[in-house]
Amino acid sequence: KQFQLCFPQPSSSSTFMHRVLNSYVSLENARVDSCRGLLTGTVRVKSVGFEKKVTVRLTYNNWVTFNEVPASYVQDSHDGATDRFSFSAVFPATMVADERAQFAIRYETHNSICYWDNNHGENYQIMCYAKATDMAGDGSWIHYL
C-alpha cells in the first residue's frame with residue numbers, strides 16, 4: 001500500500017504564521033511513511049498559557065468512529081509567540097486502496113478553551129493507493145493490493 005497526502009504543507013504558505021496567530025492552531029507539516037504505514041507531523045499553536053493539550057483526531061470511516069492521538073511538546077520550540085507539538089499515528093492494517101484517512105487538530109488551552117484546525121472545513125486527507133510493482137519482471141508495471 002501507498003499513502004499520499006491530499007493537501008499542501010501548511011507551513012509552505014507565506015501566511016502560515018499569520019494563520020497560527022489568528023486561528024491559534026495549525027498543522028505545520030505532515031508526512032507519510034508508506035513502508036511503515038505511519039503518519040507523522042508537527043503542529044504550531046499560539047502560546048496563550050503554559051499548559052496546553054494538543055490532540056489529533058483521526059477517522060478511517062468518514063467520522064463514523066474516530067481515534068485521538070496526543071501530540072507531544074517539542075523541546076525548545078517556543079519562539080515567544082508559538083509552540084510546536086509533534087504526533088505520529090499508524091494507519092490500520094485493514095486500510096485498502098481507495099480508502100482515505102482524515103484528521104483534524106484540537107488545541108485545548110489552560111482555561112479549557114478549544115481551538116480546531118480542520119483545514120478550512122475540508123479536514124486533512126490521506127489517500128490509500130495500491131502499490132505498483134513489476135510482478136512480471138519485464139518492466140511492465142501492474143497494481144496489486
Side-chain angles (χ1 to χ4, degrees), residues 1-48 51-79 81-109 112-145:
K1 294 182 266 195
Q2 296 289 321
F3 298 95
Q4 181 176 338
L5 300 175
C6 300
F7 55 89
Q9 296 293 343
S11 64
S12 65
S13 169
S14 61
T15 61
F16 173 70
M17 287 307 290
H18 179 75
R19 178 178 172 182
V20 173
L21 296 174
N22 284 337
S23 301
Y24 288 79
V25 59
S26 178
L27 177 69
E28 186 172 34
N29 290 297
R31 66 180 290 269
V32 291
D33 180 338
S34 290
C35 293
R36 294 171 44 202
L38 185 66
L39 168 68
T40 58
T42 57
V43 176
R44 275 278 177 186
V45 300
K46 183 175 180 178
S47 185
V48 293
E51 290 185 37
K52 301 167 186 69
K53 182 179 178 184
V54 178
T55 55
V56 178
R57 184 173 286 186
L58 297 121
T59 184
Y60 305 102
N61 56 15
N62 205 30
W63 304 108
V64 174
T65 61
F66 60 85
N67 300 318
E68 288 196 341
V69 175
S72 300
Y73 176 71
V74 175
Q75 284 299 116
D76 301 321
S77 67
H78 182 71
D79 64 6
T82 68
D83 293 296
R84 178 181 288 135
F85 286 76
S86 65
F87 67 91
S88 63
V90 177
F91 296 114
T94 55
M95 215 171 158
V96 296
D98 297 324
E99 288 186 337
R100 65 185 169 141
Q102 299 179 71
F103 70 94
I105 299 160
R106 183 174 149 224
Y107 166 38
E108 186 175 343
T109 64
S112 300
I113 297 173
C114 292
Y115 299 96
W116 287 88
D117 175 17
N118 63 0
N119 193 22
H120 308 289
E122 299 293 319
N123 296 316
Y124 293 100
Q125 299 188 33
I126 300 110
M127 285 298 300
C128 179
Y129 294 98
K131 185 176 182 180
T133 186
D134 180 9
M135 299 235 352
D138 61 2
S140 62
W141 292 83
I142 62 172
H143 287 77
Y144 74 97
L145 291 179

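To the nearest 0.5 Å, atom CZ of residue Arg84 and atom OG of residue Ser11 are 8.5 Å apart. In this structure, CZ on Phe3 lies 13.0 Å from CZ on Arg36, to the nearest 0.5 angstrom. The structure places CG of Leu58 at 10.0 Å from CD of Gln102, a figure rounded to the nearest 0.5 Å. Residue Ser34 holds its OG atom at 10.0 Å from NZ of Lys1, rounded to the nearest 0.5 Å. Taken from OG in Ser72 to CZ in Phe85, the straight-line distance is 8.5 Å, to the nearest 0.5 Å. Taking OH from Tyr60 and OG1 from Thr94, the interatomic distance works out to 9.5 Å, rounded to the nearest 0.5 Å.
At a threshold of 4.0 Å, the pair Lys53-Glu51 does not count as salt-bridged, since none of the basic side-chain nitrogens sits closer than that to a carboxylate oxygen. In summary, Glu108 and Lys52 do not engage in a salt bridge, as defined by a charged side-chain N under 4.0 Å from a carboxylate O. Classification of Arg44 and Asp83 as a salt-bridged pair fails, no side-chain N sitting under 4.0 Å from a carboxylate O.
Side-chain contact between Asn62 and Arg100 is present, with at least one heavy-atom pair separated by less than 4.5 Å. Residues Phe91 and Ile126 have side chains in contact (heavy-atom distance under 4.5 Å, counting atoms from C-beta outward). When side chains are defined from C-beta on, Tyr129 does not count as touching Glu99, because their heavy atoms never get closer than 4.5 Å. Leu38 has its side chain within reach of Ser88: a pair of non-hydrogen atoms, C-beta onward, lies under 4.5 Å apart. Here the side chains of Phe16 and Glu28 are in contact, with some heavy-atom distance below 4.5 Å.
Residue Ile105 forms a side-chain contact (heavy atoms from CB on, under 4.5 Å) with just one option from Asn119, Thr55, Leu27, Val45, and that option is Leu27. When each of Thr59, Asp117, Leu39 is tested with Phe103 by the rule side-chain contact (heavy atoms from CB on, under 4.5 Å), just one qualifies, namely Leu39.
Side-chain contact, Asn118 with Tyr124: no donor N or O sits under 3.5 Å from an acceptor N or O.
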Discussion item. Between Leu21 and Thr82, is the side chain to side chain contact (heavy atoms under 4.5 Å, CB included) condition met? List the steps.
Written reply: CA-CA 8 Å; Leu21 296 174; Thr82 68; 4.0 Å; yes
Practice prompt. Could you please spell out the steps behind the side chain to side chain contact (heavy atoms under 4.5 Å, CB included) verdict for Tyr115 and Lys46?
Written response: CA-CA 10 Å; Tyr115 299 96; Lys46 183 175 180 178; over 6 Å; no
Worksheet item: What do the steps show when you test His78 against Ser47 for side chain to side chain contact (heavy atoms under 4.5 Å, CB included), and what is the final call?
Response: CA-CA 8 Å; His78 182 71; Ser47 185; 3.5 Å; yes
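Here the closest non-hydrogen pair linking Met95 and Ala101 is CE-N, 3.5 Å. What you find for Gln9 and Ser12 is that their closest heavy atoms are O-OG, 2.6 Å. The two residues Pro10 and Ser26 make their nearest non-hydrogen contact at CB-OG, 4.1 Å. Residues Val69 and Ala89 approach most closely at CG2-CB, 4.1 Å, considering heavy atoms. Here the closest heavy-atom approach between residue Ala104 and residue Asn123 is recorded as CB-OD1, 4.0 Å. For the residue pair Phe7 and Ala30, the shortest heavy atom distance occurs at CZ-CB, 4.0 Å.
Other residues, nucleotides and ligands place no more than 12 heavy atoms under 6.0 Å from the NE2 atom of His18. No more than 12 heavy-atom neighbours from other residues, nucleotides or ligands sit within 6.0 angstrom of CG on Asp98. Within a 6.0 Å radius of CD in Glu122, no more than 12 heavy atoms belonging to other residues, nucleotides or ligands are found.
For Phe66, the ring-ring contact (aromatic ring centres under 6.0 Å, His included) test picks out no residue, with sequence neighbours left out.
At distances below 3.5 Å, at least one donor-acceptor pair connects side-chain atoms of Asn61 with backbone N or O atoms of Thr65. Although no hydrogens or angles enter the test, the distance criterion places no donor-acceptor pair under 3.5 Å between the side chain of Ser23 and the main chain of Val20.
Between Tyr107 and Tyr24, the ring centre distance reaches or exceeds 6.0 Å.
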